[in-house]
Novice: 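Sharing a structure with you now.
Note: hydrogens, waters and symmetry copies are ignored here, and every other heavy atom, side chains too, is used. Protein chains get the first letters and strands the later ones, always in sequence-line order, with residue 1 at the start of each.
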Number of protein chains: 2
Amino acid sequence: MFTQSEENYLKAIFQLQEEIEGGISTSSLSEKLETKAASVTEMLKRLSDKELVDYQKYYGVQLTESGRKQALLIVRKHRLWEYFLVERLNFNWDEVHEVAEQLEHIKSPKLVEELDSFLGRPEYDPHGDPIPDKHGKLPKSPTKKLSQLKLGDHGICKGFNDNSSAFLQFLDKQNIGLHTPIEVLHIETFDESMTIKIAQREVLLSKTATDNIYIDNIATEA
Amino acid sequence: MFTQSEENYLKAIFQLQEEIEGGISTSSLSEKLETKAASVTEMLKRLSDKELVDYQKYYGVQLTESGRKQALLIVRKHRLWEYFLVERLNFNWDEVHEVAEQLEHIKSPKLVEELDSFLGRPEYDPHGDPIPDKHGKLPKSPTKKLSQLKLGDHGICKGFNDNSSAFLQFLDKQNIGLHTPIEVLHIETFDESMTIKIAQREVLLSKTATDNIYIDNIATEA
DNA sequence: TATAATATTTAGGCAAACCTAATTATTTAT
DNA sequence: ATAAATAATTAGGTTTGCCTAAATATTATA
């Protein structure tokens, strides 16, 4: 068994590995986990002793196969609980993160499988993030970012990459949510900001925003 | 906020107070929590500093009003989760205890209230134990122990006082469960063991067993 | 390429919770 | 009422996980 803290480190390393290739730096982990670099170094040694990560002093860490498996289980639990909170307990999708951070550490294989089955084996959580199955397999994820669409493209929001409350509340305010259909009306060349159409309204989004919105691309205007 | 360990102590003190009048001894807590007496003493000082308990060296502890309120919240969460696990996730009632011990520490007032509402505001958990409401109020509990019934009495099982797996499995084997109707056929005078009728079968129960079974008394034979 | 800037690690501390062993208080029994 | 038995507390140690400050390694710059 692993401590909650160990699990948090494994999850953080996993998530950084999705974004960055190569070894994950001490400082990126210390930033993500809001802890000091010295604490990270210490924990990486522990995780390395338990063979959950490959750690080279001064050159970062990567998960071992065993560490990756564990990380996927934590992600699975986190996302299943988020789904439960939103779909069954009337949470808003921007309220669930903190609670799911606690629930993901509950240890009971039976609980995870029964919860999954109770929820109808969902493939995506309320943020559109894919839920690993019990073997750690991820469903194919919506790959295009909104920023990759071209003028006139149509699509449907399938996920968001930034889970901060600020971003999620911004989206809410703009009426952008999961399964919202959008259309690209204009792209500013100098800063790549985008005007999109959402339910009859026109909304301007920065490149930062469009980079963090995943889209299922439906069709392109002739 | 309180640590998990502090919460476990508060719950344990609360439960011992239900059984025993007066101050709760260090040794009874150390036994219940499976920890050494020295650790208990240490924690009692901490809880006393936080004004959750009244602690007199060598003379035991009792919860303060604030400690009791906190303990009731933990009990509430524990029993709501047990209900959820049994009624929604297909757990058997003798499998839920360990998982509920973890879930009871999740901190989110909204989660507790939404879960309660989702479950239909149940009054009793799967062991028949009463679930405190959000203000800490307990529904009137089935008060009679099976051991208090007299020859010829009829009743319905409403709860059990010993949550050990061994006891719960024993009950299962005898087909004694929640809402099972029983009838007292015979009481042995020398050891107070009892023969009861359950669904056409006769079962002999020790005083230890009958002390741990709660009954709604229905009627007495003429 | 040497030096400055930055990142990382080491060293030494702290608090929570546990432990064992030794001491002290209370209770029981003679 | 005192001695023996039992219970509780204190003293001192351990592990986890965090911290700050100092030292060292790596990277960037002049």
Novice: Please give, in whole Å, the distance from dT15(D) P to Glu42(B) CD?
Specialist: 16 Å

Novice: Just N and O in the side chain of Thr35(B): are any of them under 4.0 Å from OP1 or OP2 of dA17(C)?
Specialist: no

Novice: Can you tell whether the side chains of Arg88(A) and Glu114(B) come within less than 4.0 Å, N to carboxylate O?
Specialist: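 No, this pair does not count.
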
Novice: What is the distance, to the nearest angstrom, from the NZ atom on Lys45(B) to the P atom on dC18(C)?
Specialist: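 Rounded to the whole Å, the gap is 15 Å.
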
Novice: Rounded to the nearest 0.5 Å, how far apart are CG of Leu115(A) and CG of Leu103(A)?
Specialist: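 That separation rounds to 9.0 Å.
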
Novice: Distance from His105(A) atom NE2 to Glu7(A) atom CD, nearest 0.5 Å?
Specialist: 6.0 Å

Novice: Gln4(A) has an atom CD; how far is it from atom C1' of dG17(D), in whole Å?
Specialist: 12 Å

Novice: Between dA7(C), dT9(D), dT9(C), which one does the side chain of Ser27(A) approach most closely?
Specialist: dA7(C)

Novice: With a 4.0 Å heavy-atom cut-off, tell me which residues in residues 51-61 of chain B come close to DNA chain C, sorted by residue number.
Specialist: Tyr58(B), Tyr59(B)

Novice: Taking only the side-chain nitrogens and oxygens of Tyr9(A), find out if one of them lies under 4.0 Å from OP1 or OP2 of dC18(D).
Specialist: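 Tyr9(A) to dC18(D) OP1/OP2: side-chain N or O found under 4.0 Å.
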
Novice: Report the distance from atom CG of Asn8(A) to atom P of dT16(D), rounded to the nearest whole Å.
Specialist: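 Atom CG in Asn8(A) sits about 16 Å away from atom P in dT16(D).
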
Novice: To the nearest Å, how far apart are His105(B) NE2 and dA17(C) C1'?
Specialist: 14 Å

Novice: Roughly, in whole Å, what's the span from CG in Asp49(A) to P in dT16(D)?
Specialist: 10 Å

Novice: Can you tell me if Ser5(B) touches the phosphate of dC18(C), counting only side-chain N or O atoms and a distance under 4.0 Å to OP1 or OP2?
Specialist: yes

Novice: What is the distance, to the nearest angstrom, from the CD atom on Glu31(B) to the P atom on dA7(D)?
Specialist: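 The distance from CD of Glu31(B) to P of dA7(D) comes to 11 Å, rounded to the nearest Å.
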
Novice: Does a nitrogen or oxygen in the side chain of Thr26(A) sit under 4.0 Å from OP1 or OP2 of dT9(C)?
Specialist: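 Looking at the OP1 and OP2 atoms of dT9(C), one of them is under 4.0 Å from a side-chain N or O of Thr26(A).
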
Novice: Report the distance from atom CD of Glu104(A) to atom NZ of Lys77(A), rounding to the nearest 0.5 Å.
Specialist: 8.0 Å

Novice: Assess the residue pair His78(A) and Asp125(A) against the criterion (side-chain hydrogen bond (donor to acceptor under 3.5 Å, both in side chains)); give the C-alpha distance rounded to whole Å, side-chain angles, the decisive distance to 0.1 Å, and a yes or no.
Specialist: CA-CA 9 Å; His78(A) 183 99; Asp125(A) 78 7; 5.9 Å; no

Novice: If we ignore hydrogens and angles and just use 3.5 Å, is the side chain of Thr35(A) paired with the main-chain N or O of Glu31(A) as donor and acceptor?
Specialist: no

Novice: For the residue pair Phe167(B) and Phe160(B), categorise the inter-ring angle as parallel (less than 30°), tilted (30 to 60°) or perpendicular (more than 60°).
Specialist: perpendicular

Novice: Rounded to the nearest Å, what distance is computed from the CE atom of residue Met43(B) to the P atom of nucleotide dA16(C)?
Specialist: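 From Met43(B) CE to dA16(C) P: 9 Å.
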
Novice: Looking at Thr3(B), does any N or O in its side chain come under 4.0 Å of the phosphate oxygens OP1/OP2 on dA17(C)?
Specialist: yes

Novice: Phosphate oxygens OP1/OP2 of dC18(D): is one of them under 4.0 Å from a side-chain N or O of Ser39(A)?
Specialist: no

